[in-house]
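Heads up: the structure comes next, in structure tokens.
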Amino acid sequence: MQIAAVGRALPEHYYDQETLLAAFKRLWGAAFFNLDRLEALHRHVRVGGRHLALPIEAYERLDGFTAANEAYRTAATEVGARALRDALERAGLAPRDVDHLLFTSVTGIATPSIDALLVNRLGLRPDIKRTPLFGLGCVAGAVGITRAADYVRAFPDQIAVLLAVELCSLTLQREDLSIPNLIASGLFGDGAAAVVVSGAQRPLPGPRVVATRSVFYPDTEEVMGWQIGSQGFRVVLSSAIPEIVRTHMRADVTAFLAEHRLGLDDISAWICHPGGPKILHAFAEALDLPPAALARTWESLNSLGNLSSASVLMVLADTLADPPAPGSWGLVLAMGPGFCTEMVLLRW
């Protein structure tokens, strides 16, 4: 089982953080008395700019969940198609080579799901297997790799592709002045990524998926997620997440690695989800990582923001573009609603 390629696609509308902050000040200036606090929250997330599904002026015309979700359906199909094409081209494959398409997103709803809308658009085979995943949020990029690897382990002559599309800007709650929503307005961006996973009988260049591990933390359901109502998706984002990382991450990672006679020092490539500065500092502290270990993750956060499920795949793409030496080990690591951790052990 190998990761043959990662493709990426970003909406064409890019805005630096200063432009976005000015727009939020105009939006909330009359209702939110402490604009200095808003500015501080945006600066603390360490994001330099983000891609948006729509031109910034178009968001004023989204008058409810119906309009926002219709915009999601259109934009997700477009950006998802570009990411999937990019991944297949990088792997030297055609759309008809795909045997199983897994699709994950948590920022909109579509039935038929977006993967179904791509079958005709991209010329995927009519006998393709499809698995839409919803509700996994930020951890879904890593989980999707795991599920794709599981599939090609069972069908080693086949190709599975994971597609993650997240349009976080379309979930913005304009009437919500809670701290989690204000943080989310400065942290999350839009984008898509696709990962090609090949079975052992379809060998392609790329790191091998050696093992995977899922960890679920009991009684943490309220730590992260959505409250879904008539206005759409209202973010749930607990300040307890960094402490959960500090409490559990080292033991979980070291136990997983020990099963393969590895330690933390054996990992050359740390492919971590860029959840935000406090979470990344907690990762580094818990795992005793030097600054360079998370450099790609910090750069992804700065240049793109947090793209939920697609973010860790963006870091994976950067790692594939400049891989470690042959024989090196890598670890894909993400956390998300549940609350849970997903780990994927790679070897180049």
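- Of the inter-residue distances, the one linking Asp176 atom CG with Arg174 atom CZ reads 13.0 Å to the nearest 0.5 angstrom.
- Phe65 pairs with exactly one of Ile228, Thr171, Ile109 by the side chain to side chain contact (heavy atoms under 4.5 Å, CB included) rule, that one being Ile109.
- Using a distance-only test at 3.5 Å, with no hydrogens or angles considered, a donor-acceptor pair links the side chain of Thr220 to the main chain of Phe339.
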side-chain contact (heavy atoms from CB on, under 4.5 Å) evaluation trace for Trp226 with Thr107: CA-CA 10 Å; Trp226 296 124; Thr107 49; 4.3 Å; yes
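- Counting heavy atoms from C-beta outward, Pro11 and Val79 have side chains that approach closer than 4.5 Å.
- In this structure, Arg85 does not pair ionically with Glu89, as no charged nitrogen and carboxylate oxygen lie closer than 4.0 Å.
- Contact annotation: the side chain of Leu237 never approaches that of Ile179 to less than 4.5 Å [non-hydrogen atoms, C-beta and beyond].
- Using the six-membered ring where Trp is involved, His281 and Trp298 have ring planes that are tilted, between 30° and 60° apart.
- Rounding to the nearest 0.5 Å places CG of Asp97 at 11.5 Å from CD of Gln158.
- Remark: Glu78 engages Arg121 in a salt bridge, criterion side-chain N to carboxylate O under 4.0 Å.
- Note that CG of Leu52 is 4.5 Å distant from OH of Tyr59, once rounded to the nearest 0.5 Å.
- A distance-only check finds a donor-acceptor pair linking the side chain of Asn306 to the backbone of Gly275 [under 3.5 Å].
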side-chain contact (heavy atoms from CB on, under 4.5 Å) between Arg43 and Leu21, worked out: CA-CA 9 Å; Arg43 298 199 187 284; Leu21 177 58; 4.0 Å; yes
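- Under the 4.5 Å side-chain criterion, counting only non-hydrogen atoms from C-beta, Arg130 is not in contact with Leu118.
- In terms of modelled atom types and a separation under 3.5 Å, the side chain of Ser113 and the main chain of Ala110 share no donor-acceptor contact.
- Cluster annotation: Met249 and Leu262 are assigned to the same hydrophobic cluster (Ile/Leu/Val/Met/Phe/Trp/Tyr, side-chain heavy-atom contacts under 4.5 Å, transitive).
- The side-chain heavy atoms of Met343 and Leu331, taken from C-beta on, include a pair separated by under 4.5 Å.
- Counting non-hydrogen atoms of other residues, nucleotides and ligands closer than 6.0 Å to NE2 of His44 gives a total of 12 or fewer.
- Inter-residue side-chain proximity for Met224 and Ile241 is flagged as met; some heavy-atom pair is nearer than 4.5 Å.
- In this structure, Glu60 places its CD atom where only 12 or fewer heavy-atom neighbours from other residues, nucleotides or ligands lie under 6.0 Å away.
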Salt bridge (Lys or Arg N to Asp or Glu O under 4.0 Å) between Glu299 and Arg296, intermediate numbers included: CA-CA 5 Å; Glu299 174 54 33; Arg296 289 191 179 98; over 6 Å; no
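- A distance of 11.5 Å separates CH2 of Trp329 from CH2 of Trp348, quoted to the nearest 0.5 Å.
- Residues Thr104 and Leu162 are in side-chain contact: their nearest non-hydrogen atoms beyond the backbone lie under 4.5 Å apart.
- Using a 4.5 Å cut-off on side-chain heavy atoms (C-beta onward), Pro274 and Val315 make contact.
- The backbone N or O of Leu204 lies less than 3.5 Å from a partner atom in the side chain of Gln2, making a donor-acceptor pair.
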If you apply the rule side-chain contact (heavy atoms from CB on, under 4.5 Å), what do you find for Leu333 with Leu287, and how did you get there? CA-CA 12 Å; Leu333 186 60; Leu287 300 172; 4.1 Å; yes
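- Tyr151 does not carry Lys129 over the face of its six-membered ring by the limits of under 6.0 Å from the centre and within 45° of the normal.
- Under the 3.5 Å distance criterion, with hydrogens and angles disregarded, a donor-acceptor pair is assigned to the side chains of His42 and Ser185.
- Neither Ile267 nor Ile271 shares a network with the other; the hydrophobic side chains, linked directly or stepwise wherever heavy atoms of I, L, V, M, F, W or Y lie under 4.5 Å apart, form separate groups for each.
- Smallest separation of non-hydrogen atoms from Pro207 and Leu346: CB-CB, 4.3 Å.
- Atom-to-atom distance recorded for Leu54:CG and Leu167:CG is 8.5 Å, nearest 0.5 angstrom.
- Under the 4.5 Å side-chain heavy-atom criterion for ILVMFWY residues, a single connected hydrophobic cluster contains both Val235 and Leu41.
- Between Trp270 and Thr297, the shortest heavy-atom contact is O-OG1, 4.5 Å.
- Of the possible donor and acceptor atoms, one in the side chain of Arg82 sits under 3.5 Å from a partner among the backbone N and O of Leu10.
- If you chain together hydrophobic residues whose side chains sit under 4.5 Å apart, Phe103 and Leu93 fall into the same group.
- The two atoms that bring Arg125 and Val98 nearest to each other are NH1-O, 3.4 Å, heavy atoms only.
- The aromatic rings of Phe24 and Trp28 lie parallel to each other, their planes meeting at an angle below 30°, with 60° marking the opposite boundary.
- Leu307 is not connected to Leu170 by any chain of hydrophobic side-chain contacts under 4.5 Å among Ile, Leu, Val, Met, Phe, Trp and Tyr, and they are in different clusters.
- Separating the OG1 atom in Thr212 from the CE atom in Met1 is a distance of 8.0 Å, to the nearest 0.5 Å.
- The main-chain N or O of Gln227 is never found under 3.5 Å from a side-chain atom of Arg234 such that the two would form a donor-acceptor pair.
- If you check the side chains of Thr341 and Tyr217, you find a donor sitting under 3.5 Å from an acceptor.
- By the 4.5 Å heavy-atom criterion applied to side chains, Asp288 and Leu264 are not counted as neighbours.
- Heavy-atom neighbours of Glu222 CD from other residues, nucleotides or ligands within 6.0 Å: at or below the threshold of 12.
- Judged by distance alone, the side chain of Gln173 and the main-chain N or O of Phe233 form a donor-acceptor pair under 3.5 Å.
- For the pair Asp190 (side chain) and Cys168 (backbone), a donor-acceptor distance under 3.5 Å is present.
- Of all heavy-atom pairs between Gly186 and Gln17, the closest is O-NE2, 2.8 Å.
- Between Ser308 and Cys138, the shortest heavy-atom contact is OG-N, 3.5 Å.
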Worked verdict on Val196 versus Ile159 for side-chain contact (heavy atoms from CB on, under 4.5 Å): CA-CA 7 Å; Val196 177; Ile159 298 290; 3.9 Å; yes
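- Here the shortest heavy-atom pairing between Ala194 and Leu163 reads CB-CD1, 4.0 Å.
- Side chain of Arg50 to backbone of Leu304: no donor-acceptor contact under 3.5 angstrom is found.
- Taking a cutoff of 4.0 Å between a charged side-chain nitrogen and a carboxylate oxygen, Arg90 and Asp86 qualify as a salt bridge.
- In this structure, Glu175 places its CD atom where only 12 or fewer heavy-atom neighbours from other residues, nucleotides or ligands lie under 6.0 Å away.
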